[in-house]
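We count ligands from 1, going down the list as the structure has it; atoms in each ligand are counted the same way. The figures here come from the full heavy-atom set of this structure, side chains too, leaving out hydrogens, waters and symmetry mates. Remember, it's a predicted structure, so these values are computed and weren't measured experimentally.
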Amino acid sequence: MTKQTQLLADKLKQDPRLAEAKRLILETVAEHQETIQSVRPANPDLVQSYEEMLEKFGTLRNGTLFFPYLSSGFGNGPFVELADGSVKLDMITGIGVHGYGHSHPLLVEAAIDTAVSDTVMQGNLQQNPESYRLTDLLVKTANESGADFKHCFLTTSGAMANENSLKIAFQKNHPANRVIAFSHCFAGRTLALAQVTDKAAYRVGLPDTIAVDYLPFFDHKDPQRSTEVAVNHLKYLVKRHPGKYAALWMELIQGEGGYYPGDKAFFEALITVAKENNICVIADEVQTFCRTTRPYAFQHFELDKLVDVVTIGKISQVCATLFTDEYKFKPGLISQTFTGSTMAINAANAIVGDLIEQGNFGPNGRNQQLHDYFVAGIKAVGQKYPGTIAGPHGMGGMVALTPFDGKPEDSKELACRLFDAGLMSFMAGGSPARVRFLMPIGCVTNDHLDQACQILERVIGEMAAERNA
Ligand SMILES: Cc1ncc(COP(=O)(O)O)c(C=O)c1O
């Protein structure tokens, strides 16, 4: 009898009927995608039933959706068809999740592979090799330029990745029970993270869980002074609560706070004080992951040897907490029924691998090129209608503009009117309030960005005319 080494699963995957089915599905999807090349209004015949569905859904979920958005489940790159037949140009991508846009072949293929896999979800007792491959890829990628992450724990949301990171920091630095974070940071919405997130409205009615103190963030208009102020405040805090801080919580580019990038020297100065006081340095990259010139923003800011724990999410589909050996947790602290769906894990492997392969990273990689092109287009709109747009701001695949006077009403009005005109964006920050774009960096082209700027120009022009009337 010959020794059988080939897995039955591999035999199934290599079955020519499956290859043919895959080819047919991809070909069919691609053919249909040719019909979606630009935005279009809703189909009047579908509007009533669509609105009814939105209303009922709003009641069921205790709040209407911010945009009247229910996808039909089909799209082409950044274009997505909604269930009312309209087509939108998606430049917000689920606030950074749909980095390959809609119905992308890479993800269709991952979905077909998933369809013939044995389980929908993976977690605690039962996981598949793709979970191993992803954690290995994330750790190897993180360690490319000097970092020394040894561990990576997958999970299903940014909040859970962050929650896990806090637990890791608290356990290692017990009995320290406080956290230091930046003003205007967003960390998630669990009971603990609602305390870290610097927005009182998000913790109305919640009990205090952990004590958090805040540092002012970097001010690019006055780098030296803002660094001094933050460092002095950090020193003051650690003196006031000696041995009480478990973690320094850092978003390297503030996301929800309004797209404010930090600075290498600023972070280094703060981390020096943190390290002197045995405070765990956590980088929350749930929004920034894969959007700067490097896969991890801590690499972009050259903090490779300084970060102890990093969390990722959104574009990676499945979220993760990476940590050094020093922060290895004790058995029992972290475990989960769901560490991710098989589809999300397959998609994560495909997405991270493809972004690296297709050249999204590097000082002049696609992320930077797309950023420069989009920023130039937005600037041109601002020049055509003076006083309407300040900025743009942000970094790489994160772009924001301040409309008019930066009042929250202005940014809400612009985001809603852009949506009606076919372009999806969202608000960020509060004072000033901004409109942000998280473009689908895996598939967006200059032509798509031109179309986005044309819509922006039309809507900004209308708003300017109304304000000047
Ligand atoms: C920086 C940051 N951290 C954490 C989160 C929370 O992620 P999730 O919504 O997946 O729980 C977000 C989400 O916007 C985020 O931007």
Side-chain angles (χ1 to χ4, degrees), residues 61 63 65-66 92-99 153-169 179 181-199 201-203 206 210 212 214 217-218 247-262 267 281-292 295-298 300-301 307 309-322 336 338-341 344-345 347-348 351 393-400 415 424-430 434 436-439 441:
R61 66 186 291 281
L65 296 163
F66 183 82
I92 194 61
T93 61
I95 318 191
V97 179
H98 317 306
F153 198 94
L154 300 182
T155 188
T156 47
S157 72
M160 270 315 296
N162 283 348
E163 189 80 14
N164 289 343
S165 76
L166 274 182
K167 287 165 82 176
I168 286 169
V179 169
F182 291 124
S183 302
H184 308 302
C185 75
F186 181 86
R189 295 176 197 261
T190 61
L191 275 175
L193 294 165
Q195 298 295 326
V196 178
T197 295
D198 186 20
K199 192 145 181 174
Y202 294 170
R203 56 181 113 89
L206 301 185
I210 48 173
V212 185
Y214 295 93
F217 196 64
F218 179 70
L248 171 61
W249 187 273
M250 305 201 306
E251 259 179 290
L252 304 179
I253 301 165
Q254 292 208 304
E256 303 304 295
Y259 282 26
Y260 293 90
F267 293 128
V281 176
I282 302 178
D284 175 351
E285 297 210 21
V286 169
Q287 191 158 155
T288 54
F289 182 60
C290 282
R291 291 197 173 266
T292 66
Y296 293 84
F298 75 75
H300 173 91
F301 289 105
V307 173
V309 179
V310 59
T311 58
I312 63 155
K314 291 186 183 275
I315 198 167
S316 51
Q317 312 300 302
V318 63
C319 304
T321 311
L322 285 79
Q336 276 165 222
F338 297 155
T339 45
S341 72
I345 296 162
I351 285 171
H393 319 270
M395 191 175 262
M398 305 168 76
V399 175
M424 291 194 67
S425 63
F426 193 48
M427 290 101 66
R434 292 176 170 169
R436 68 179 135 162
F437 301 95
L438 279 158
M439 49 184 143
I441 50 172

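The residues lining ligand 1, counting any heavy atom closer than 4.0 Å, are Ser157, Gly158, Ala159, Asn162, Phe186, Ala187, Gly188, Glu251, Glu256, Asp284, Val286, Gln287, Lys314.
By the 4.5 Å heavy-atom criterion applied to side chains, Phe182 and Asp284 are not counted as neighbours.
At least one donor-acceptor pair closer than 3.5 Å links the side chain of Glu251 to the backbone N or O of Phe186.
The ring pair (Phe, Tyr, Trp, His ring centres under 6.0 Å) search around Phe301 returns Phe267, not counting sequence neighbours. Checked against ring pair (Phe, Tyr, Trp, His ring centres under 6.0 Å), Tyr259 has no partners two or more places apart in sequence or in another chain. Scored by the ring pair (Phe, Tyr, Trp, His ring centres under 6.0 Å) test, Phe218 finds Phe266 as partners (sequence neighbours excluded).
With Thr155 as the partner, the side chain to side chain contact (heavy atoms under 4.5 Å, CB included) test is satisfied by one option alone out of Val318, Asn162, Asn164, Thr311: Asn164.
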